[in-house]
S.K.: 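Here you go, one structure.
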Amino acid sequence: MTGLRERQKADRNRRILEAASTLFGQMGYEAARIDTIAEVAEVSVGTLYNYFENKADLLLAIVSMEVEEVLAQGEVVVARPPETAIQAMSVLIRTYYDHSLVYLTKAMWRSAMAMTIQQPEAPFSRRYRELDAALAAQVCRLIATLQARGDVRQGIGATALGEMAFNDLNALFTEFILDEDQPLAQLRARLDAHLSAFTTLIAT
């Protein structure tokens with residue numbers, strides 16, 4: 001019985017997040033109403049509030065779902081990197097980029113980023129920074145793996161390299177999110193150019 005209740009709870013949680021993701025994308029974060037999200041998710045408003053305190057809590061949960069999924073995919077790359085440093089970095093970061101609009105639109109990302117800037121000490125902002133830190137740590141682990149394999153020059157700090165790479169890919173992603181007309185293909189092309197320069201400097 002406990003297993004059934006847990007599955008039902010997980011199903012309701014997923015339905016609420018999928019409904020919120022759809023409505024935030026269609027109507028905009030500000031315009032979407034909690035009662036409409038509950039209706040689409042086929043739960044009562046009271047039930048929704050048992051799971052999430054407010055719309056910001058919903059948006060954070062969607063961002064978390066997004067990042068946790070790409071982190072899981074990224075671990076596969078870190079465990080078995082492709083043959084060269086540039087291929088490994090490209091596969092990992094493209095995983096982040098290619099998944100970035102599955103649950104969130106550019107407008108939703110902008111809302112999330114704005115909240116972290118406007119209220120840096122709020123729980124939303126702290127969790128957002130934790131997710132960013134987890135992605136950065138994964139990039140650092142990949143570079144450490146490549147260094148141990150002999151694909152990255154010794155004597156360079158893997159953590160520093162990973163943080164530099166993550167900050168750059170994050171800046172590219174932010175520019176992509178701020179430009180509504182920039183296609184994903186352009187983001188990928190810019191990534192390829194940056195990674196070519198970066199890996200040329202660090203490769204053995």
Side-chain angles (χ1 to χ4, degrees), residues 17 21 24 56-82 84-117 119-149 151-152 156-179 182 184-199 201-202:
L17 290 180
S21 175
F24 288 165
D57 201 18
L58 274 167
L59 182 58
L60 176 59
I62 296 168
V63 172
S64 296
M65 182 168 64
E66 160 68 42
V67 175
E68 286 162 4
E69 287 188 11
V70 298
L71 283 168
Q73 294 173 22
E75 285 304 308
V76 177
V77 182
V78 174
R80 293 183 177 178
T84 66
I86 190 169
Q87 288 173 340
M89 294 289 290
S90 179
V91 170
L92 180 65
I93 298 169
R94 279 179 180 241
T95 297
Y96 299 167
Y97 287 169
D98 291 351
H99 201 289
S100 64
L101 300 180
V102 171
Y103 303 118
L104 296 107
T105 62
K106 288 188 177 186
M108 290 164 67
W109 275 113
R110 290 194 294 270
S111 294
M113 291 174 179
M115 277 190 265
T116 66
I117 294 169
Q119 300 176 339
E121 297 308 316
F124 182 103
S125 302
R126 290 198 295 272
R127 177 57 179 157
Y128 191 97
R129 291 195 297 272
E130 288 172 1
L131 294 168
D132 252 9
L135 290 168
Q138 189 170 70
V139 175
C140 293
R141 288 200 306 278
L142 175 61
I143 289 180
T145 299
L146 294 172
Q147 195 171 47
R149 197 173 70 178
D151 295 329
V152 171
I156 310 176
T159 298
L161 284 176
E163 289 173 350
M164 288 169 60
F166 179 77
N167 287 338
D168 182 60
L169 75 89
N170 211 15
L172 291 177
F173 181 68
T174 300
E175 291 172 16
F176 168 70
I177 291 304
L178 294 177
D179 183 355
Q182 184 181 149
L184 185 59
Q186 184 178 339
L187 175 62
R188 289 173 177 165
R190 296 186 69 201
L191 170 67
D192 290 345
H194 283 223
L195 286 180
S196 178
F198 182 74
T199 54
L201 292 172
I202 68 172

S.K.: Rounded at 0.5 Å granularity, tell me how far CD1 in Ile143 sits from CZ in Phe166.
M.R.: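 One gets 12.0 Å once the value is rounded to the nearest 0.5 Å.
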S.K.: Do you know the tightest heavy-atom contact between Ala112 and Tyr128?
M.R.: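 Heavy atoms only, the tightest pair is CB-CE1, 4.0 Å.
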S.K.: Supply the atom-to-atom distance Ile93 CD1 to Leu187 CG, rounded to the nearest 0.5 angstrom.
M.R.: 10.0 Å
S.K.: Backbone N or O of Met113 within a donor-acceptor pair of the Thr116 side chain at under 3.5 Å?
M.R.: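 Present.
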S.K.: Tell me, please, which residues at least two apart from Arg149 pass salt bridge (Lys or Arg N to Asp or Glu O under 4.0 Å).
M.R.: Asp151
S.K.: Does any non-hydrogen side-chain atom of Tyr103 lie less than 4.5 Å from one of Glu69?
M.R.: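 Touching, per the 4.5 Å side-chain cut-off.
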S.K.: If you compare all heavy atoms of Ala88 against all heavy atoms of Val77, which two are closest, and at what distance to 0.1 Å?
M.R.: O-CG1, 3.9 Å
S.K.: Among residues at least two apart in sequence or on other chains, which ones pass ring pair (Phe, Tyr, Trp, His ring centres under 6.0 Å) with Phe176?
M.R.: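 Not a single residue meets the ring pair (Phe, Tyr, Trp, His ring centres under 6.0 Å) criterion with Phe176.
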S.K.: When you measure from the side chain of Ser64 to the backbone N and O of Leu60, does any donor-acceptor pair fall under 3.5 Å?
M.R.: yes
S.K.: Parallel, tilted or perpendicular: which describes the rings of Phe173 and Tyr97, with under 30° parallel and over 60° perpendicular?
M.R.: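 Parallel: the ring planes of Phe173 and Tyr97 meet at under 30°.
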S.K.: Counting N and O atoms only, with roles assigned by atom type, does the side chain of Gln138 sit under 3.5 Å from a partner on the main chain of Val78, one being a donor and the other an acceptor?
M.R.: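 Between the backbone of Val78 and the side chain of Gln138 there is no qualifying donor-acceptor contact (under 3.5 Å).
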S.K.: To the nearest 0.5 Å, how far apart are OG in Ser21 and CD1 in Ile62?
M.R.: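 It is 5.0 Å, given to the nearest 0.5 Å.
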S.K.: In chain order, what residues pass the side-chain hydrogen bond (donor to acceptor under 3.5 Å, both in side chains) check against Asp98, with sequence neighbours excluded?
M.R.: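 Residues passing side-chain hydrogen bond (donor to acceptor under 3.5 Å, both in side chains) with Asp98: Arg188.
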S.K.: Counting distance only, does the side-chain N/O of Thr95 pair as donor-acceptor with the main-chain N or O of Val91 below 3.5 Å?
M.R.: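 Here the side-chain-to-backbone pair exists.
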S.K.: If you take all heavy atoms of Pro120 and Arg129, which pair is closest and at what distance?
M.R.: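 Distance-wise, the nearest heavy atoms are O-NH1, 2.7 Å.
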S.K.: Between Val70 and Leu135, is any pair of side-chain heavy atoms under 4.5 Å apart?
M.R.: yes
S.K.: By the definition side chain to side chain contact (heavy atoms under 4.5 Å, CB included), identify the one residue from Asp168, Leu169, Leu161 that meets it with Phe198.
M.R.: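 Running side chain to side chain contact (heavy atoms under 4.5 Å, CB included) over Asp168, Leu169, Leu161 with Phe198 returns exactly one hit, Leu161.
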S.K.: How close do Gly162 and Val139 get, counting heavy atoms only, and between which atoms?
M.R.: O-CG1, 3.6 Å
S.K.: If you measure from CD1 on Ile202 to CE on Met89, what distance do you get to the nearest 0.5 Å?
M.R.: 6.5 Å
S.K.: To the nearest 0.5 Å, what is the distance between CG on Asp179 and NZ on Lys106?
M.R.: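 Atom-to-atom, Asp179:CG and Lys106:NZ are 5.5 Å apart.
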S.K.: For Leu191, does its backbone N or O pair with a side-chain atom of Arg94 as donor and acceptor, under 3.5 Å?
M.R.: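 Between the backbone of Leu191 and the side chain of Arg94 there is no qualifying donor-acceptor contact (under 3.5 Å).
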S.K.: Keeping the roles fixed (side chain from Asn167, backbone from Glu163), state whether a donor-acceptor pair exists under 3.5 Å.
M.R.: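 Yes: the side chain of Asn167 pairs with the backbone of Glu163.
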S.K.: When rounded to the nearest 0.5 angstrom, what is the spacing between CD1 in Ile177 and CD in Gln182?
M.R.: 9.0 Å
S.K.: Tell me which one of Leu104, Leu71, Leu101 satisfies side chain to side chain contact (heavy atoms under 4.5 Å, CB included) with Glu66.
M.R.: Leu104
S.K.: Over all heavy atoms of both residues, which pair between Val152 and Gln147 is shortest? Give the atoms and the distance, please.
M.R.: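 Reported closest heavy-atom pair: O-CG, 3.6 Å.
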S.K.: Within the distance-only criterion (no hydrogens, no angle test), does the side chain of Thr199 pair as donor or acceptor with the backbone N or O of Ala85 below 3.5 angstrom?
M.R.: no
S.K.: Tell me whether Gln119 at atom CD has more than 12 heavy atoms from other residues, nucleotides or ligands lying less than 6.0 Å away.
M.R.: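 At most 12 heavy atoms, drawn from other residues, nucleotides or ligands, come within 6.0 Å of this atom.
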S.K.: Is the backbone of Arg141 close enough, under 3.5 Å, to the side chain of Thr145 for a donor and an acceptor to pair up by distance?
M.R.: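 Here the side-chain-to-backbone pair exists.
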